[in-house]
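Presented below is the structure to which this report refers.
Throughout, protein chains are lettered first and strands after them, A, B, ... in sequence-line order, and every chain is numbered starting at 1.
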Amino acid sequence: MTVGHVLEAGVFQSRDTVALARALLGKLLVAGEAGGTVRALRICEVEAYHGEADLACHASKGRTARTEVMYAAGGVWYVYLCYGIHEMLNLVTGPAGQPSAVLIRGLEGITGPGRLTRALGITRRFNAQPAAPATGLWLEDDGFRLTRAAVQATPRIGVDYAGEWAEKPWRFYYTPANG
DNA sequence: TACTCGATCGGA
DNA sequence: CCGATCGAGTAA
């Protein structure tokens, strides 16, 4: 059961993670339980984390057990625990070997990276799983389009430790028409 | 093995 | 403003 068309992994393998982040705005995050409910919510806030040089990116520590998934080809999920409490949902992007990801920070009706995963029941069990209907968590395009003017860009949240990288305007969001 | 701190949130 | 809560990363 889909609303639009499913976005395939290849769509997320461009080297331009910042552009991919922006392009994810307005797409649908779809969570489905086997033989049960399917929820589709529009993505309204994201952040790009790009490469080992980006000090705000977990891959700035290089390859570790946790960051290994970021080195995969785009199209799989990177889910990790933050502050011991919150599950954070990221989509791995770029070609294999280039560690990068887009953090899903807000959906229409559910703002906040920790809140949206809690609301949809998303946990680390999705880590390294493909974004596809078969895994129960995927992305769709239903034709919704944003004007260039509707998209705001700001520095990323909570990465003040990252020096000059904290200043990059790699957070993108739009204000939903309907609150 | 000890220690620090975080891509956050909710309550005081 | 502050406490919750725990695993990754680092140093030793």
Side-chain angles (χ1 to χ4, degrees), chain A residues 12-29 31 39 41-94 97-131 135 137-139 151-176 179:
Chain A
F12 309 113
Q13 291 166 9
S14 149
R15 290 180 183 281
D16 192 342
T17 301
V18 176
L20 286 173
R22 203 168 3 195
L24 274 177
L25 286 180
K27 300 302 187 291
L28 297 171
L29 177 66
R39 288 230 266 164
L41 292 167
R42 205 175 298 286
I43 297 168
C44 65
E45 183 181 352
V46 298
E47 282 176 357
Y49 288 86
H50 185 236
E52 294 181 339
D54 175 7
L55 294 182
C57 181
H58 291 168
S60 64
K61 306 287 186 184
R63 283 184 187 259
T64 67
R66 183 171 66 154
T67 65
E68 186 62 32
V69 65
M70 296 183 83
Y71 290 79
V76 299
W77 301 113
Y78 168 38
V79 186
Y80 69 93
L81 186 66
C82 188
Y83 296 106
I85 299 175
H86 307 290
E87 307 280 344
M88 306 292 271
L89 176 66
N90 299 251
L91 179 69
V92 171
T93 57
Q98 177 197 276
S100 55
V102 175
L103 170 65
I104 312 288
R105 288 190 58 90
L107 305 174
E108 291 199 16
I110 315 175
T111 53
R115 286 166 151 181
L116 72 88
T117 53
R118 192 181 56 181
L120 294 176
I122 296 166
T123 67
R124 283 163 285 172
R125 75 181 183 281
F126 284 107
N127 189 54
Q129 295 292 116
T135 65
L137 188 63
W138 69 98
L139 295 160
V151 178
Q152 315 291 310
T154 77
R156 294 168 292 181
I157 304 296
V159 297
D160 293 344
Y161 61 84
E164 64 181 284
W165 293 89
E167 299 165 22
K168 303 266 182 200
W170 288 356
R171 167 175 175 248
F172 301 97
Y173 69 92
Y174 68 89
T175 303

Should the heavy atoms of other residues, nucleotides or ligands under 6.0 Å from CZ of A:Arg125 be counted, would the total exceed 12?
yes
Contact letters for nucleotides 3-12 of chain B, in which S counts primed atoms plus P, OP1 and OP2 and B counts the base, heavy atoms under 4.0 Å
---BBBSS--
For the backbone of A:Arg156 and the side chain of A:Glu47, can you confirm whether one donor and one acceptor N or O come within less than 3.5 Å of each other?
no
Candidate list A:Leu24, A:Val92, A:Val18, test side-chain contact (heavy atoms from CB on, under 4.5 Å), partner A:Val102, passing option
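One option only clears the test, and that one is A:Leu24.
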Indicate yes or no: at least one non-hydrogen side-chain atom of [X] is less than 4.5 angstrom from one of [Y].
{"X": "A:Trp170", "Y": "A:Asp54", "result": "yes"}
{"X": "A:Ile122", "Y": "A:Leu137", "result": "yes"}
{"X": "A:Leu120", "Y": "A:Leu107", "result": "yes"}

For A:Arg171, report the nucleic acid contact type (base, sugar-phosphate, nothing); a contact means any heavy atom under 4.0 Å.
nothing
Output yes when A:Arg118 and A:Glu87 qualify as a salt bridge under the 4.0 Å nitrogen-oxygen rule, no when they do not.
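Salt bridge absent between A:Arg118 and A:Glu87.
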Going 5' to 3' along DNA chain C, which nucleotides are the first and last within contact of chain A (any atom under 4.0 Å from a heavy atom)?
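Under 4.0 Å from chain A, the extent on DNA chain C is C:dA4 to C:dT10.
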For C:dC2 versus B:dC5, give the span between their C1' atoms, rounded off to a whole number of Å.
16 Å
Could you tell me which nucleotide pairs with B:dG10 by Watson-Crick or G-U wobble geometry, both distances under 3.5 Å, or answer none if nothing does?
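Pairing partner, where one exists within any strand: C:dC2.
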Who are the ring-ring contact (aromatic ring centres under 6.0 Å, His included) partners of A:Tyr80, not counting sequence neighbours?
A:His58, A:Tyr78
